[in-house]
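Atoms within each ligand, like the ligands themselves, are counted from 1 in listed order. Keep in mind it's a predicted model, so treat the numbers as computed, not measured.
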Amino acid sequence: MLENQVAIVTGSSRGIGKEIALELARMGADVVVNDLSASEAAKEVAKEIEAMGRKAMVIAADVSNSDDAKNLVNTTVKEMGRVDILVNNAGITRDGLLLRMSEADFDSVINVNLKGAFNTIKHITPVMLKQRSGRIVNMASVVGLMGNAGQVNYCASKAGIIGMTKAAARELGSRGITVNAIAPGFINTQMTEVLPEEVKKTYMTQIPLGRFGDVSDIAKTVGFLVSDGAAYITGQVISVNGGMYM
Ligand code: NAD
């Protein structure tokens, strides 16, 4: 389905990003695995992709740094020949109540989650404009839609992602580039593993489907958004949250 297409997935050495990278490879794409460093975990993901008969490479980049993001895109084009799909998945949390949240914790979350996506989109846009095609998928969050106590920085970054997705979709649509966001609910990963049991129990009572999400629930949605079937979908926020927020 995605044969001869090249995808960049940011923050893909573990968690949701890893599963997205593997899913796109299963669908036939060659994949650039990105994370802060070319860690063993990142190399393992690339190996798994190569074992499927696809091309893969690891490019270390801190997406919050514009030069790093530029290098990520340029190295991909140089080594892989093109780039068709960008998934902005890299994200961090620095939770704390508003009154106690430090300026540094506010800034770092905005810098990675929101500015990071801006940096990669900015540098990939000239390539996709030239190709007259491209698919961009940005990772938002259910809390970017509904808010969450203790996550003012994170909610702001994810709500920002939603606004940026819609603006970019309007700018790039006429050149055959779609830009969409996914708003996951509670997904079982290392990011959510650290939450106290009480908090997890409370979340569970709010989920009509009665389970937390799996990384594959998100990866399959990315797979759909980059497939031919989603050619007429742009500027949308797809909630994948078991009904937690409607
Ligand atoms: P995770 O912490 O398991 O993985 C995030 C990855 O991003 C890590 O490999 C990390 O090293 C990488 N990363 C962090 N900063 C980076 C940077 N500056 N540059 C490049 N890579 C960087 O998190 P996850 O649970 O897999 O979440 C993935 C995305 O999904 C995030 O954007 C997160 O906000 C979003 N999300 C997660 C959930 C959930 O329940 N897990 C819910 C909603 C949204």
I need the atoms of ligand 1 closer than 4.0 Å to a non-hydrogen atom of [X], numbered in the order shown.
X: V112; value: 15 (N), 18 (N)
X: F186; value: 40 (O)
X: A140; value: 44 (C)
X: G15; value: 26 (O)
X: T192; value: 39 (C), 40 (O), 41 (N)

Give me the residue, atom name and distance of the protein heavy atom closest to [atom].
atom: atom 28 (C) of ligand 1; result: N89 OD1, 3.1 Å
atom: atom 18 (N) of ligand 1; result: D62 OD1, 2.8 Å
atom: atom 6 (C) of ligand 1; result: G11 O, 3.5 Å
atom: atom 17 (C) of ligand 1; result: L36 CD2, 3.5 Å
atom: atom 30 (O) of ligand 1; result: M139 CG, 3.3 Å
atom: atom 25 (O) of ligand 1; result: T189 OG1, 2.6 Å
atom: atom 10 (C) of ligand 1; result: D35 OD1, 3.4 Å
atom: atom 21 (N) of ligand 1; result: A90 CB, 3.6 Å

Which value, rounded to the nearest 0.5 Å, describes the distance between [X] atom [atom1] and [Y] atom [atom2]?
X: L129; Y: E171; atom1: CG; atom2: CD; result: 9.5 Å
X: I85; Y: I20; atom1: CD1; atom2: CD1; result: 11.5 Å
X: I162; Y: L145; atom1: CD1; atom2: CG; result: 4.0 Å
X: N111; Y: I92; atom1: CG; atom2: CD1; result: 8.5 Å
X: Q206; Y: M244; atom1: CD; atom2: CE; result: 5.5 Å
X: E23; Y: S216; atom1: CD; atom2: OG; result: 8.0 Å

Heavy atoms only, cut-off 4.0 Å: how does [X] contact ligand 1, side chain, backbone, both, or neither?
X: A61; answer: backbone
X: T93; answer: neither
X: N34; answer: side chain

If we only count N/O pairs under 3.5 Å, is [X] in contact with ligand 1?
X: K158; result: yes
X: G17; result: no
X: S12; result: no
X: I187; result: yes
X: I92; result: no
X: R14; result: yes
X: N113; result: no

### Query
To which of V9, I16, N241 does the heavy atom nearest atom 26 (O) of ligand 1 belong?
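The residue whose heavy atom sits nearest atom 26 (O) of ligand 1 is I16.
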### Query
Looking only at non-hydrogen atoms, which of V63, V45, D68 approaches atom 19 (N) of ligand 1 most closely?
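Closest candidate by heavy-atom distance is V63.
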Is it true that [X] and [Y] make a salt bridge, defined as a side-chain N closer than 4.0 Å to a carboxylate O?
X: D84; Y: R82; value: yes
X: K55; Y: E50; value: no
X: E19; Y: R26; value: yes
X: D217; Y: R211; value: yes

### Side-chain heavy-atom pair N113, K158 within 4.5 angstrom cut-off
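N113 reaches K158 side chain to side chain.
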Mind checking whether [X] has a heavy atom under 4.0 Å from ligand 1?
X: G213; result: no
X: Y154; result: yes
X: S13; result: yes
X: T10; result: no

Return the minimal non-hydrogen interatomic distance between [X] and [Y], and the atom names on each side.
X: G235; Y: N180; value: N-OD1, 3.2 Å
X: V73; Y: T120; value: CG2-O, 4.2 Å
X: T165; Y: V179; value: CG2-O, 3.5 Å

### Message
Main chain of I59, side chain of N34: is a donor-acceptor contact present, judged purely on distance under 3.5 Å?
### Response
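The answer is yes, because a donor-acceptor pair under 3.5 Å joins these two groups.
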### Message
Quick one: does any side-chain atom of D105 pair with a main-chain N or O of G96 as donor and acceptor, under 3.5 Å?
### Response
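Answer holds: no.
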### Task
Take atom NZ of K200 as the centre, draw a 6.0 Å sphere, and report whether it contains more than 12 heavy atoms from other residues, nucleotides or ligands.
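Check passes, neighbour count above 12.
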